Amino acid sequence: MTTYQITTELSTNRKQKTPAEQLGFGKIFTDHMFVMDYEDGKGWHNATITPYAPITLSPAAMVFHYGQAVFEGLKAYMTEDGEVQLFRPDRNFQRLNSSNARLCIPPIDEDFALEALKELLRVDREWVPTAPGTSLYIRPFIIATESYLGVNPAKSYKFMIIMSPVGSYYKEGINPVKILVEQQYVRAVVGGTGEAKTAGNYASSLKGSEIAAQQGYSQTLWLDGKENKYVEEVGSMNIFFKISGKVITPALNGSILPGITRDSMIEVLKSKNIPIEERAIAFEEVVEAAKNGTLEEAFGTGTAAVISPVGELKWLDDVISVNNGQIGEVTQMLYDTLTGIQYGKVADTFGWTVKI
Ligand SMILES: *Cc1c(COP(=O)(O)O)cnc(C)c1O
């Protein structure tokens, strides 16, 4: 690990904390942020923790024009013993570097990034909310800052970490969602940027979400970009089905984002001896299973919600109801196990949690 010095400038103007019930998602930010710069020839330098504030960029900064932007999302949880812990943060910085590689952004030092995050968390420790189900959402990201309109990888970047206290995702209990299977648009294609956590993937997914919302569905189920046949993801989550007692999820094929929650669910299922298969899943197989009564559960996985059970799928003129719109047994078990580990209520036999 390269040793970088972090310069810390503390805020003299601390913000008021918002009550837990008014937190919502991603609207409120803590008092401090982490910033580090990159310049060709100089490498990453200027690691600083400074008061949370707007940044100044040239209108020609390349991120605005050609979209060299990658990000991560993870959470810090307050345990009942008053300790702040992270869930598999090493995986997030590893994935940030995979995204960097795809977008021609120079790699960061993963160990140092985790140390910087821990230091930022110590500075803003009192921002980790304590009410049940709340957490501190962490958003590391990197943008191209060079002022230049030529099309090539930028010569300068900013790596930043901002943090936002977020409310309980399931304040009113876990309610299964209704999903529209998208026919016209695709999220990603093999060879494209689907595997990278990059801003452009989100920009291109908005249209599908808008169409789903107009029809009264809360998210889009994405099929593959080539044959419009195989299941890829649901909204910005990975997807799982339980058919005839077996859990299946699409194999990572190059256009699917390798979710850390996805990987954790697979490990938990294996540890409980529940059959789990990673393979290509034609959506017709799901329709078939629904028709012959063997489709038992469906759910999306991601850091924000952990698990989002699917209660209904609309595909062309077919409306498929899953488990009568109720959360399934395995879905509930996975939710309880993962959140239990994250909040320190269930023994972490996997070694996934990291205390600050
Ligand atoms: C971030 C993300 C996920 C979920 O990843 P986690 O590491 O589980 O939070 C799934 N799909 C897409 C498209 C994503 O951007």
Side-chain angles (χ1 to χ4, degrees), residues 25-26 67 69-77 86-100 102-103 110 113-114 117 135-142 163-164 166 169 177 179 182 185-190 192-209 212 218-225 230-240 249-269 278 281 298-310 331 334-335 337-339 341-342 350 352-354:
F25 181 84
V70 294
F71 68 94
E72 272 304 323
L74 67 162
K75 284 173 168 179
Y77 308 86
L86 295 160
F87 183 75
R88 311 185 80 182
D90 49 320
R91 291 297 191 105
N92 291 94
F93 291 117
Q94 255 173 36
R95 188 170 63 188
L96 188 59
N97 265 345
S98 309
S99 303
N100 281 341
R102 181 63 182 82
L103 275 284
E110 293 167 23
L114 181 52
L117 170 57
S135 58
L136 186 66
Y137 185 78
I138 300 161
R139 171 54 60 86
F141 64 103
I142 302 177
M163 308 197 292
S164 169
V166 297
Y169 206 89
V177 294
I179 301 296
E182 174 57 42
Y185 298 103
V186 297
R187 190 193 82 89
V189 290
V190 175
T193 56
E195 269 186 329
K197 223 170 163 70
T198 180
N201 291 343
Y202 279 71
S204 76
S205 76
L206 297 176
K207 195 74 194 169
S209 309
S218 58
Q219 264 309 338
T220 311
L221 185 134
W222 301 105
L223 298 179
D224 77 285
Y230 297 99
V231 176
E232 296 247 305
E233 300 201 46
V234 58
S236 49
M237 288 186 285
N238 295 112
I239 187 153
F240 289 73
T249 190
L252 300 176
N253 62 353
S255 54
I256 292 171
L257 196 287
I260 296 160
T261 318
R262 173 188 181 279
D263 184 77
S264 308
M265 295 302 178
I266 293 171
E267 291 304 315
V268 171
L269 287 164
E278 295 174 69
I281 304 168
F299 55 90
T301 66
T303 295
V306 178
I307 266 197
S308 179
V310 174
T331 311
L334 288 170
Y335 178 79
T337 306
L338 224 67
T339 55
I341 293 172
Q342 290 166 339
F350 300 93
W352 283 339
T353 52
V354 174

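Quick caveat, the model's predicted, so the values are computed rather than measured. Each ligand, and each atom within it, is numbered from 1 in the order the structure gives. Note that these values count all heavy atoms, side chains included, but never hydrogens, waters or copies made by symmetry.
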Which ligand 1 atoms are under 4.0 Å away from a heavy-atom of [X]?
X	value
G259	5 (O), 6 (P), 7 (O), 8 (O)
R187	13 (C)
R95	5 (O), 6 (P), 7 (O)
N238	10 (C)

What protein heavy atom sits nearest [atom], and how far off is it?
atom	result
atom 14 (C) of ligand 1	K197 NZ, 3.0 Å
atom 12 (C) of ligand 1	E233 OE1, 3.4 Å
atom 9 (O) of ligand 1	T303 OG1, 2.6 Å
atom 8 (O) of ligand 1	T261 OG1, 2.6 Å
atom 15 (O) of ligand 1	Y202 OH, 2.5 Å

Taking the six-membered ring for Trp, are Y137 and F25 ring centroids under 6.0 Å apart?
-> yes
Please test R88 against S264 for side chain to side chain donor-acceptor pair (under 3.5 Å), starting from the C-alpha separation and ending with a verdict.
-> CA-CA 9 Å; R88 311 185 80 182; S264 308; 2.9 Å; yes
Could you give me the CA-CA distance, side-chain angles and deciding distance for E233 and R187, then say whether salt bridge (Lys or Arg N to Asp or Glu O under 4.0 Å) is met?
-> CA-CA 9 Å; E233 300 201 46; R187 190 193 82 89; 3.0 Å; yes
Without swapping roles, check the side chain of [X] against the backbone of [Y] for a donor-acceptor pair under 3.5 Å.
X	Y	answer
S99	K197	yes
N201	A196	yes
N238	G259	yes
T249	I239	yes

Aromatic ring pairing F71/Y202, orientation class (parallel under 30°, perpendicular over 60°, tilted between) | perpendicular
Non-hydrogen atoms of S236 versus ligand 1: any pair closer than 4.0 Å?
-> yes
Specify side chain, backbone, both or neither for I260, according to which of its non-hydrogen atoms lie closer than 4.0 Å to ligand 1.
->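 Both backbone and side chain.
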